[in-house]
Structure formats: structure tokens, C-alpha cells
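The structure under discussion appears below in the form of C-alpha cells.
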Amino acid sequence: MMYCVEETSVMLNLTSSDLSHLLMSNTSSVLTGGAVSVSKDSFSNALSKNIVAMLVWLTLSVINGSMVHTFLRHSLFYENPRYIMFICMVINDALQLSLVTALYVVSYIFRKIHASVCCLLIMTAVLTTRSTPLILAGMALERYISICFPLHYIQMCTVPRTLLLVYIILILTATPPVTDLLITVVKEPPSFFRTSIFCDHSLLFRDRSIYYKNCVFDGTYLSFVTLTLLYTYCKIMLTARAASTGLASVKRARNTVLLHGVQLLLCMLAFVVPSLQAALISLFPRLSLEIRYIFFLVVYIIPRFLSPVIYGFRDELFRKYWTRYLACRSHSVIRVRPVVLKANLQVE
């Protein structure tokens with residue numbers, strides 16, 4: 001019974017404690033008969049993995065950057081609570097992806113880093129990771145209000161209230177890492193932050209009370225987000241059955257909330273992956289680096305594609321302005337060479 005409780009607690013705390021451990025995986029230790037053998041990537045493998053990670057980061061950064069630019073150029077987006085929540089998700093995903101990629105690449109250069117630098121990276125990683133489910137809950141509530149209370153939508157979903165919700169999400173997600181830091185400052189000697197460590201949450205924030213505190217927080221807020229998505233999806237389903245008009249918009253909202261549920265499931269993979277990863281590594285110790293890399297892509301990279309799909313491609317209004325912006329950018333690039341050639345002919 002104690003084993004089951006401990007295993008559950010470990011899974012609840014994986015978002016904060018195993019993020020950097022999964023990322024910084026250029027070396028892997030495997031226990032073999034009491035001895036520890038450390039396997040390292042070859043130069044070609046390391047180079048190919050980093051190239052793939054950087055290409056994915058670059059692709060998503062271009063997509064996210066073009067979306068943010070489209071959002072800022074048109075007032076109809078930043079005056080709409082729906083798109084404000086969406087752009088918050090895009091910015092959060094971009095920050096998380098940049099940090100994750102930076103940690104992964106840096107891990108091939110520095111095995112240990114300064115504790116103070118690690119503290120900043122870990123706290124930012126935990127903040128962006130924990131923000132995603134709460135933003136999903138906020139977006140699902142906005143869809144629920146627009147479908148189930150359309151006459152009260154303008155009064156209930158205003159820009160000031162949306163910004164207040166964003167601030168509340170930031171405060172809630174910033175509270176655990178800030179308290180982790182405060183507990184560590186009290187418990188650890190001042191010299192601890194001047195040492196070099198392997199950048200891992202459990203090695204940086206070592207006090208046991210931090211572990212139990214994060215278990216309670218993660219379990220509470222993930223339960224809240226799951227119940228919120230289930231409730232909004234069921235209410236929208238009931239509204240879709242009862243509605244005689246406007247079925248297309250109701251179905252679209254239902255599918256959007258369903259996609260939010262898929263996003264939440266992908267976010268919760270971070271709670272399951274380390275246990276599954278450890279089991280696979282124990283079965284296939286020679287493939288430990290490849291297993292870590294696959295989980296790195298599946299858990300922290302691929303889910304970042306979902307936000308552009310849900311609103312960037314599915315939303316007709318945003319897609320209209322976004323594709324127009326991309327078309328203008330491509331045309332401006334194509335026109336550069338003819339203009340240069342024309343100028344050269346005039347000189348001759």
C-alpha cells in the first residue's frame with residue numbers, strides 16, 4: 001500500500017522534477033551488477049539529434065512569430081477574449097519550446113552549470129509547463145460561455161476580465177517555483193547557489209517538503225482542469241442536441257474543447273513518461289539515449305504543434321488574416337530579385 005502511494009506521488013510531481021532530467025540526456029547511466037556504466041552519444045548522433053531539435057524549434061518559432069504578428073496587427077483580435085487566450089497559449093508554447101531546446105543543446109556542451117543559472121531555467125520551465133493546462137481550462141470556459149450563454153457573452157467575457165484571468169494564471173503557476181526557491185534559500189547554505197550542479201529539479205530543490213508540496217499542488221490543479229474540460233464538453237454536447245439552429249458553430253466549439261482535451265492528455269504525458277521511460281531503459285539499456293530522445297520529441301516538442309492547428313488553421317477568421325500575412329511576406333521575398341535585376345539594367 002505504501003508503495004502505491006509513493007508511486008502516485010512520484011507521478012504527480014514529474015512535471016516539476018523530471019523536466020530537465022528528460023531534456024539533458026546526452027549521457028545516460030545504466031546500473032549493471034552494481035557498477036555504473038555511462039553511455040555517451042557519438043558525434044554524428046549528437047549532431048543529427050541537435051539538428052532535428054533546432055529545425056523543429058525554428059519551424060515552430062516562425063509559425064508562432066507570424067501568428068503573434070498577425071494578432072498584433074489587427075485590433076479585432078486583441079479586442080476579442082478568445083484570441084487573447086489563444087495568443088497567450090502561443091507565447092507560452094514558444095517560451096517553453098525555446099527553453100526546452102536550449103536546455104537540450106546546452107546539455108551537449110556543459111554537463112554541469114551554475115546553480116543560480118539552473119534555478120532560473122528550472123523555474124521558467126516549471127512556470128510555462130504548468131501554465132498550459134490552466135490556459136486550456138480558460139479557453140474551454142470561454143467556448144462554454146459563448147455557446148451556452150450567448151446573450152450574456154459580451155457582459156461575461158470582456159477584455160479586462162480576460163486579462164485578469166491571465167494574471168491569475170501567472171500568479172498560480174508562479175507560486176510553486178517561487179516557494180521552492182524560498183524554501184531552498186532558507187534550508188541551503190548561501191554557498192550552494194555558487195556551486196555547479198547537474199541541472200535537475202530534484203538536485204536543485206532538495207528539501208523533502210518541496211516534493212510533497214508539489215504533489216498536492218499538481219494533483220489539485222490537474223484535477224480542476226480535467227473536471228473543467230469534462231464539464232464544458234458535456235454542456236456543449238447537450239446544447240448541440242437541444243439547438244435547432246447554429247449547429248455548425250456548436251459543433252465547432254465542441255470539437256475545439258475536444259482538442260483541448262487532447263492537449264491536456266499530451267501535457268499529462270509528462271507525468272507518465274519518466275516511469276515508462278525508466279521501464280523501457282531497464283529492458284533496453286543500450287538504447288537508453290534513443291529512448292530518451294524519442295520521449296523528448298513526443299512529450300515536449302510535438303504537442304507544441306497543436307496550438308497553431310486548433311486556432312491558426314481551424315479558425316476561419318484568424319486563418320484569413322494569417323494566410324494573407326504569409327502571402328504578403330512570400331511576395332515581398334519574390335520581388336527582391338526582379339527589382340535588383342532591373343536596377344542593374346538601368347545602371348548599364
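Numbering of residues begins at 1 and proceeds along the displayed sequence.
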Heavy-atom closest contact ([X] atom, [Y] atom, distance):
{"X": "N45", "Y": "S48", "value": "O-OG, 2.8 Å"}
{"X": "K235", "Y": "C148", "value": "O-SG, 4.0 Å"}
{"X": "L136", "Y": "L229", "value": "O-CD2, 4.1 Å"}
{"X": "V159", "Y": "I84", "value": "CG1-CD1, 3.9 Å"}
{"X": "I210", "Y": "T184", "value": "CD1-OG1, 3.7 Å"}
{"X": "P177", "Y": "M123", "value": "O-CE, 3.6 Å"}

Practice problem: Indicate whether any N or O donor in one side chain lies under 3.5 Å from an N or O acceptor in the other, for T132 and N92. | Solution: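 Yes, side-chain donor-acceptor contact under 3.5 Å.
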
Under a 4.5 Å cut-off applied to non-hydrogen side-chain atoms, are [X] and [Y] in contact?
{"X": "L76", "Y": "Y83", "answer": "no"}
{"X": "V68", "Y": "V90", "answer": "yes"}
{"X": "H114", "Y": "F193", "answer": "no"}
{"X": "K187", "Y": "D207", "answer": "yes"}
{"X": "S209", "Y": "I183", "answer": "yes"}
{"X": "P176", "Y": "R130", "answer": "yes"}
{"X": "M85", "Y": "E142", "answer": "no"}
{"X": "W57", "Y": "V100", "answer": "no"}

Donor-acceptor pair, side chain of [X] and main chain of [Y], under 3.5 angstrom:
{"X": "T101", "Y": "S98", "answer": "no"}
{"X": "Y293", "Y": "K49", "answer": "yes"}
{"X": "R161", "Y": "Q155", "answer": "yes"}

Within one Ile-Leu-Val-Met-Phe-Trp-Tyr cluster: [X] and [Y], side-chain cutoff 4.5 Å:
{"X": "I87", "Y": "L326", "answer": "yes"}
{"X": "L120", "Y": "F205", "answer": "no"}
{"X": "L230", "Y": "I145", "answer": "no"}
{"X": "L164", "Y": "M139", "answer": "yes"}
{"X": "V225", "Y": "V166", "answer": "yes"}

Could you tell me the separation between the [atom1] atom of [X] and the [atom2] atom of [Y], rounded to the nearest 0.5 Å?
{"X": "M89", "Y": "N64", "atom1": "CE", "atom2": "CG", "answer": "11.5 Å"}
{"X": "T158", "Y": "N80", "atom1": "OG1", "atom2": "CG", "answer": "11.5 Å"}
{"X": "R319", "Y": "M67", "atom1": "CZ", "atom2": "CE", "answer": "11.0 Å"}
{"X": "L141", "Y": "L165", "atom1": "CG", "atom2": "CG", "answer": "8.0 Å"}
{"X": "I122", "Y": "L99", "atom1": "CD1", "atom2": "CG", "answer": "8.0 Å"}
{"X": "R286", "Y": "I281", "atom1": "CZ", "atom2": "CD1", "answer": "15.0 Å"}

Exercise. Could you list the residues that satisfy ring-ring contact (aromatic ring centres under 6.0 Å, His included) with F149, not counting sequence neighbours?
Key: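 By the ring-ring contact (aromatic ring centres under 6.0 Å, His included) rule, F149 matches Y144.
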
Quiz item: After noting the C-alpha distance and the side-chain angles of L204 and F192, does the key distance pass the side-chain contact (heavy atoms from CB on, under 4.5 Å) rule?
Solution: CA-CA 9 Å; L204 180 65; F192 172 73; 4.0 Å; yes

Quiz item: Regarding K112 and the six-membered ring of F198, is the cationic atom NZ or CZ under 6.0 Å from the ring centre and inside 45° of its axis?
Solution: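 Ring-cation test returns no.
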
Quiz item: Do other residues, nucleotides or ligands put more than 12 heavy atoms under 6.0 Å from I154 CD1?
Solution: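 No, the 6.0 Å shell around CD1 holds no more than 12 heavy atoms from other groups.
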
Practice problem: Apply the side chain to side chain contact (heavy atoms under 4.5 Å, CB included) test between T175 and each candidate in T179, L172, T173; give the one that qualifies. | Solution: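 Single side chain to side chain contact (heavy atoms under 4.5 Å, CB included) partner of T175 among T179, L172, T173: T179.
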
Quiz prompt | side-chain contact (heavy atoms from CB on, under 4.5 Å) partners of S75, counting only residues at least two apart | solution =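 Y78, E79.
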
Quiz item: What residue pairs, at least two apart or across chains, pass disulfide bond (SG atoms under 2.5 Å apart) with a residue in residues 89-140?
Solution: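 The answer is C118-C199.
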
Self-check item: ring-ring contact (aromatic ring centres under 6.0 Å, His included), paired with H74, selected from F318, W322, Y321
Solution: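 Looking at F318, W322, Y321, the match for H74 under the ring-ring contact (aromatic ring centres under 6.0 Å, His included) is Y321.
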
